[in-house]
Each structure stands twice: as structure tokens, then as C-alpha cells.
Amino acid sequence: MLDLKLIRKNPDQVKAQLSRRDASLAEKIDQISEIDKEHRLAIQEKQELETQRNQLSKLVGQKKGKGEDAEAEMQELAEIKSKLQAIADKEPELYDKQIAILETIPNIPAADIPEGADEESNQEVLKWGEPKEFSFTAREHDELGKELGIFDFERGVKIAKSRFTLVRNQGAKLERAVINFFLDQASNHGYQEVLPPILVNSNCLYGTGQLPKFAEDIFKVEDEDLYLIPTAEVPLTNIYREEILTADDLPQYICAYTPNFRSEAGSASKDTRGIIRQHQFNKIELVKLCRPEDSTEEHEKLTKDAEALLQALELPYRKMLLCTGDMGFGAHKCYDLEVWFPGQAKYREISSCSNFIDFQARRAQIRFKRDSKSKAELLHTINGSGLAVGRTIAAILENYQQEDGSVAIPKVLQPYMDETVLRSGILTQA
RNA sequence: GGAGAGAUGGCUGAGUGGCUGAAAGCGGUUUCCUGCUAAGAAAUUGACUGGGGUUUAACCUGGUCCGAGGGUUCGAAUCCCUCUCUCUCCGCCA
């Protein structure tokens, strides 16, 4: 959520910055400014009446205490009360109206990101590793995984529904190995590991910006104010919701492995094959809470932490700086890491690292004090995947495939596995 | 799931209709004193927000907040209703 005071003070600047994302947003700022004026007048009027009420009520109390008559005052109060009633109803309505619009406005994009409507305008800032030349035709991960007996698509559908996959045997072990490897690396980079609830309440989703605007993307528990998390960003960022931290608490580096659940509404025909786009997928999430002046640097560092994983796995990737139109709702600046898929002959997203500046912190009221005398300030939040596990498995299959259909296991993962190669017919357990 | 108790400021904890934004203690901050691995004295001490003021300070002046949301009342932390959470006991359970 944007700062209402900033809009009040500098509407033209806010409009100009938001227009880089979407020209129609300027209109919303105007609407907010207009309601804001009306709202503040209502507040003033209400408070004046409340002052009168408080003073008179006090007088009534004093008179009654002395056994005097207070009829005149009480009559006056009755009048004030009826006036107050009307304004007291109107004032919060105006506020709600204002907030309702404000909630739908995305974050202001950073000045140094390219302007554009969609991924066409994203800027490649780095390409790492050379896509491997194969002496045979590289195949896609779903075909390899099926043949290896590690992806059971049919039974995943039987157990749940489409876009759910049963991962078996060496695949399940590889998934666990990748999770452990990622978590160990995160620890090495100074992140505190947590295991959060994967059901969260609506306050959390509001805090990180998924609600109210993106409700259709999330699975909800029936008759409860609980939702399956779409990303561990939600519980992790909300750890300190509505709290005031001290400067010594910052920065906080937090990581977690969780399954994630997305309804994928509106992506019916996208990536129907394979495990790229599932309703349930595993991910290690990296989250940072830091001082405002540190967020730019911390964001760069967090992105590099995610990149280091791809480098350790020796998976070629490119780093994309997202343009204004392709960024997520709450993001101020965002890098996507895209890993090379030889079977598909494409780079595909495997991590998204965003700096939200104070956007989430304002919604979730996460603040800190520089010292015991200073005022509480909003801190900055940053998060990124480090990394999506399912897509990592898919990328390993495609990049490490061999002509006979077996798949070599990346060196850094071998200490986490019993085997050095995935081969069909190997059952790790009877 | 059943029964009971409770939810007050950074913490402990008073407070059953007006003088309580909240006693007292602890903690924090500032100043003073003492010249010493310490102690003492005084002052100060929440969040959000409107208006004025100002160097985006200080400051002045209102309003709201005693788990959350409603209600009663001239007036509520205090009474009523709903919800949430915590604790104890019982049941169930990995």
C-alpha cells in the first residue's frame, strides 16, 4: 500500500511514477485525493463535536456529583449527539472508500527499471553458463521423468486433480536432496531457518498483498479464515506483523522450505505438460527485513544468494530485470532468474527476487525504532525464491540428461543422495 | 468437542459507570549527586491520527485506542451481545 501522506503532499510525482506501470493509475490517485479532502473535513467536524460532547459530559458529571440540576446541558448534549451520529457514520465510510482504492494501487516502480507493458521489455542483466551442446536431441523433463519412473502424472491426478503430480522413488529422494541443499546454503548465507504454518489467516495475506485483489489465486479452507499459502513469503513476512522491532533486530534474514499452493486460475492452457505449473510445489523462500536505507543493497545480495544456487548446480541461467509492466503488484524492483531448459530450448523462471520497500510493511504494520527515543518507522521487506524445487528438478533432468535416458546427479547434490545417476528401474525401496 | 477462568501501557499488576490514557512496582531515557567492580535523588516515559506551527525539528491544541467488533448511557477499561485468543480440568488424538 502506498503512503497516503505522500499522495497528499506530492500527487503529481506519484502519478508520474505510477504511470510508468499503467497510465490509468493516475486517475485513481485523483479519486483518492478528492476523497481525502472530504474525509479530512469530516474528521475535523467530528472531532469538534466530540470535543464539545466530552466537555459537556464532564460538566454534567460534576454537577450531578454536587447534586445540582444538569437538564440544560443534557438537552444540549442530545442535540450534539444527533449531529455526531450522522458525521460519525460518514467519516469511516469515506475512509473505507479511500482505502478500497488505495488497496488496488500497485507499488511505485524503482526509477532504474525499464518501462514496458510486458516481458518483452524486460532487460537481461546477466547471462551465466553456456547451454550445453547435446550429441543427441535433448528431451523434455516430463518425458524423462515419466520414463525414469519418478513422475507419476496419472496417479497424481487420481489422488487430487490435474496439475498435481505424484513424485516417486529417486525423484522423491532427489527432491528431498535439493531441499536440504538449498536450506544448507541459505544457512551458510546467514538465513535463520524456520518451519512456518502453511495455513495462514486473511490478515497475513492482506499484509503481503495477495488479498483482497488476488483471492481467486489462493485455496481457502471451507468455513474457516484459513488459506493454503501460495508462497512462504506470506508466513515469513508476517512473523513480525504489527510489531515494533529495535534497530538491533535488523536486518533479519529468514528462510523456510514449504509446499506452496496455487489455484492457477486463468492459466488453463499454459504449461499443461510436466511439472512447471502445478497446484502444489515445493520452494525454499528467502526473506529479509531491513532498514530502508539498506534495502537496495540487501535486495542485490539476496538475488546473488539465489544465483549462487544455480551456479553451484551448474545450471545456465540469465538474470532479468523486470520492466514496469511485468512486475508483481507489490514489487518496487524485481529480478527474475531464468534457468535454461535444453529440452524446451527456453529460459524459464525459477526464482523471482523482489524489493517491496515499505509497501508490505505498511500493510502489515511492521516497524522498527532506531533507538528508544525515536519514532517507529516502517521497515523494508525483500523476498525471493531460493529456489523453486520442482522447477529445479525439471531443469536438472533436462540439463543433465544422457543419451540412454539416464540423468546424472549434479556434484553438489551427490552427498545428499545414495546414487550419482538417475536410471529407470531403480527402486530405492521395495 | 464439553466445563470453568481470563485478556489493561515494554513487563508485573490495580482499577465494576464520570476527577483514569489509566494507580503502584519493575524496566527504559535524561539530569544531578557521589569518585568508583556499587549506590542514591529528581524528572521523564505508548500507539495512531486531525488542526496550528516549523528548517521534512522542537512545540501548541484536539480526537481515537484498556483482545476485536457491535450495543446501552449525557458519559464505559468498567454494564450487555457476538467473535478471537490464552490458561486449567475432562474427552479425543499424531
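The figures that follow rest on heavy atoms only: side chains count, while hydrogens, waters and symmetry mates do not. A, B, ... follow the sequence lines: proteins, then strands. Residue 1 opens every chain.
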### Message
Any heavy-atom pair between the side chains of A:Q280 and A:P259 that's under 4.5 Å?
### Response
yes
### Message
If I take atom CG in residue A:L84 and atom C1' in nucleotide B:U73, what distance separates them, rounded to the nearest angstrom?
### Response
14 Å
### Query
Of A:A78 and A:I244, whose closest RNA chain B nucleotide lies nearer the 5' terminus?
A:I244
### Integer-rounded Å distance: B:G71 C1' and A:Q85 CD
11 Å
### Message
Using atom C1' in both nucleotides, what's the gap between B:A23 and B:U82 to the nearest angstrom?
### Response
32 Å
### Task
Could you work out the separation of B:U84 and B:A24 based on their P atoms and round it to a whole Å?
37 Å
### Task
Tell me whether the OP1 or OP2 atom of B:C48 has a side-chain N or O from A:R362 closer than 4.0 Å.
no
### N/O donor-acceptor pair under 3.5 Å between A:Q47 side chain and A:Q44 backbone
no
### Query
Quick one: does NZ or CZ of A:K288 land under 6.0 Å from the six-membered ring centre of A:Y253, within 45 degrees of the ring axis?
yes
### Query
Roughly, in whole Å, what's the span from CG in A:D248 to P in B:G28?
15 Å
### Query
Taking a pair as Watson-Crick (N1 to N3 plus N6-O4 or O6-N4) or G-U wobble (N1-O2 and O6-N3), both under 3.5 Å, which stems of 3 or more consecutive pairs involve RNA chain B?
B:1-7 with B:84-90, B:10-12 with B:24-26, B:27-32 with B:40-45, B:46-52 with B:59-65, B:67-71 with B:79-83
### Query
For nucleotides 60-65 of chain B, read 5' to 3', which letter fits each nucleotide if B means a protein heavy atom sits under 4.0 Å from the base, S means only the sugar-phosphate is that close, and - means neither?
--BSS-
### Query
Within the structure, does a side-chain N or O atom of A:R367 lie under 4.0 Å from either OP1 or OP2 of B:C48?
yes
#### Entry: Chi angles and distances behind the side chain to side chain contact (heavy atoms under 4.5 Å, CB included) call for A:E140, A:F341
CA-CA 8 Å; A:E140 296 197 33; A:F341 277 77; over 6 Å; no
### Message
Work out how far the C1' atom of B:G21 is from that of B:A39, and round it to whole angstrom.
### Response
34 Å
### Task
Using the P atom on both, measure B:C83 against B:G2 and round to a whole Å.
12 Å
### Query
Distance between the C1' atoms of B:G71 and B:A14, in whole angstroms?
28 Å
### Query
Do A:T303 and A:K319 have side-chain atoms, one donor and one acceptor, less than 3.5 Å apart?
no
### Message
Between A:F368 and A:Y240, is the ring centroid distance below 6.0 Å?
### Response
no
### Task
Write down the distance separating the P atoms in B:C74 and B:G62, rounded off to the nearest Å.
26 Å
### Query
Do A:Q210 and A:D217 have side-chain N/O donor and acceptor atoms under 3.5 Å apart?
no
### Query
Taking atom P of B:C48 as reference, at what distance in whole Å does atom CE of A:M1 sit?
14 Å
### Query
At under 4.0 Å, does any side-chain N or O of A:K369 touch on OP1 or OP2 of B:A47?
yes
### Between C1' of B:A57 and CZ of A:R370, the distance in whole Å
16 Å
### Query
Mind checking the P distance from B:U16 to B:U54? Whole angstroms is fine.
47 Å
### Query
Quick one: A:D249 CG to B:G10 C1', roughly how many Å, whole number?
13 Å
### Message
Expressed as a whole number of angstroms, how long is the span from A:Y95:OH to B:U49:P?
### Response
9 Å
### Message
By the definition side-chain contact (heavy atoms from CB on, under 4.5 Å), identify the one residue from A:R363, A:H299, A:E233 that meets it with A:F356.
### Response
A:E233
### Query
Can you tell me how far C1' in B:A77 sits from the matching atom in B:A22, rounded to whole Å?
8 Å
#### Entry: Upstream residue (5' side of RNA chain B) when A:M74 and A:G61 are each assigned their closest nucleotide
A:G61
### Message
Check this for me, if you would: do A:D142 and A:K146 make a salt bridge, where the nitrogen-to-carboxylate-oxygen distance has to be below 4.0 angstrom?
### Response
no
### Query
Yes or no on side chain to side chain contact (heavy atoms under 4.5 Å, CB included) for A:K83 and A:E45, after CA distance, side-chain angles and deciding distance?
CA-CA 10 Å; A:K83 277 193 231 167; A:E45 200 180 329; over 6 Å; no
### Separation of atom CG in A:L77 from atom P in B:G18, rounded to whole Å
17 Å
#### Entry: Polar side chain donor-acceptor pair, A:Y416 to A:D184, under 3.5 angstrom
yes
